[in-house]
Amino acid sequence: MRDIFNFLNKTDSAEMILLASNENPLGMPESARRAAAAALEGAGNYPDSNGTALKNALAARLDVSPEWLTLGSGSSEILELAAQVSLKPGENVVYSQYGFIVYAQATAHAHARATVVPSQDFGHDLDAMRAAIADDTKLVFVANPNNPTGTFIDAAPLLAFLQSVPAHVTVLLDEAYTEYLSPKQRYDSIEWVRRLPNLIVARTFSKAFGLAGMRIGYGVSQPSLTSRMNAQRPRFNVTTPAQAAAVAALGDTEFLARTYELNTAGRDQLAAGFDDLGLAYVPSSGNFLMVQVGDAEAVHARLLAAGIEVSLLGPYGLPQWLRVSIGLPEQNKAVLAALR
Ligand code: PMP
């Protein structure tokens, strides 16, 4: 299979400003760094396959029992597991145009068939997605907010959609960026999981929790679906330091609050800068903004030459657009200066 991620290859160097992968510009929280370092002492042994400490912490936080949780090597693995437990070869998956690229990959790994529903204003067209669900559809992916477009679906229409999906169809609600939502946007999808046996909510420690390199995420679903997810899961898929780092990050409310404030201010800073430059962008509910620059490959190359890496969106069919992850104030300033 073609390497669909080769457009993300990192040209890492100390001086580069890396705004290509929606990571946390604050890096790893110090609390998690210390916990991971301490956990290295035990890394000669296999990790706790059940992720007991982290599941207990998440269970308390989300008010579910640990039997509702699946841990993954990033939430990417939760998306893959959802495809593996829901799909037989040849069956159908529904997701939106401009959906996260792993949906296509997970579909291919399951030898299934995708129906990609045209987007509406860069976001999900939920009515069209509902209409696209056929008898052989077994899985629907919905991202809220969506990557790479940053679009957001309000709670009421999203819940109405979830309730309208037939019971034989699993829905993977991908909430990788949920911690960045404003208080007004927030909704309780765990309560929806309690009501809907076919719903999996996927979340990650890669973004707001600052642990992208540790590879850890989780899924929340009712016990029968969760036990199928865990049966499919590679036994030692989440490392000991990653589990320890996640427990620490989950409890680090100060870091999460700082992340949220930084992101909100940075998003405003970039949006105002794009306005000044006369560049169109899609209002974003995540930690990134999609901006229309014309010949994106050329602009991307110029930014790289200036020491700034952002993301090309050619693989998404958006050759005029770049996705800029929101950085520290001085990094955002550097992007705007380079674009000017
Ligand atoms: N879902 C969405 C929408 C994403 O943007 C990402 C990361 N880019 C992921 C899931 C997966 O992230 P991870 O595997 O690091 O948890």
Side-chain angles (χ1 to χ4, degrees), residues 4-10 18-25 27-28 32 51 54 58 69-83 93 95-107 109 116 119 122-124 139-153 158 171-181 189 200-220 229 233-234 237-239 242-243 245-246 249-250 259 263 282 284-290 309-313 315-316 318 322-326:
I4 55 174
F5 290 107
N6 61 7
F7 69 105
L8 273 179
N9 283 348
K10 294 212 169 175
L18 297 176
L19 301 176
S21 300
N22 301 344
E23 293 137 336
N24 192 323
M28 191 173 176
L54 177 57
L58 283 167
L69 299 169
T70 308
L71 301 183
S73 175
S75 61
S76 298
E77 189 174 35
I78 302 298
L79 311 184
E80 292 278 359
L81 292 172
V93 185
Y95 54 85
S96 176
Q97 183 185 19
Y98 312 133
F100 181 45
I101 215 143
V102 169
Y103 308 158
Q105 207 181 22
T107 302
H109 290 159
V116 181
S119 86
F122 295 107
H124 294 69
L139 178 63
V140 176
F141 285 108
V142 177
N144 204 36
N146 188 55
N147 174 31
T149 59
T151 52
F152 175 72
I153 311 163
L158 180 55
V171 182
L172 188 297
L173 176 59
D174 180 350
E175 295 189 338
Y177 302 95
T178 198
E179 294 83 7
Y180 296 104
L181 295 179
S189 55
I200 305 170
V201 169
R203 293 186 184 160
T204 183
F205 286 94
S206 295
K207 310 297 177 183
F209 293 102
L211 300 179
M214 299 301 284
R215 309 307 301 131
I216 183 160
Y218 63 95
V220 189
M229 295 277 283
R233 180 178 60 83
N237 61 330
V238 182
T239 69
Q243 293 184 30
L250 194 65
T259 293
N263 190 67
V282 179
S284 172
S285 296
N287 66 343
F288 53 88
L289 275 164
M290 203 172 86
E309 186 171 4
V310 299
S311 186
L312 283 165
L313 299 173
Y316 286 95
L318 294 161
L322 292 171
R323 191 195 61 201
V324 181
S325 303
I326 294 162

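FYI, the numbering just counts along the sequence from 1. Numbering of ligands and ligand atoms starts at 1, following listing order.
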Distance-only polar pair, side chains of Y177 and N146, donor-acceptor under 3.5 Å: no
If we ignore angles and hydrogens, is there a donor and acceptor under 3.5 Å between the side chains of E175 and S189? yes
Mind checking what makes ring-ring contact (aromatic ring centres under 6.0 Å, His included) contact with F205, not counting sequence neighbours? F209, Y218
In order of chain and number, which residues sit within 4.0 Å of ligand 1 by heavy atom? G74, S75, S76, F100, N147, D174, A176, Y177, T204, S206, K207, R215
Heavy-atom closest pair (N24 atom, A208 atom, distance to 0.1 Å) is ND2-O, 3.0 Å
Can a donor-acceptor pair be found between the side chains of E77 and N237 at a distance below 3.5 Å? yes
For D174 and Y103, test the side chains for any donor-to-acceptor distance below 3.5 angstrom and give the result as yes or no. yes
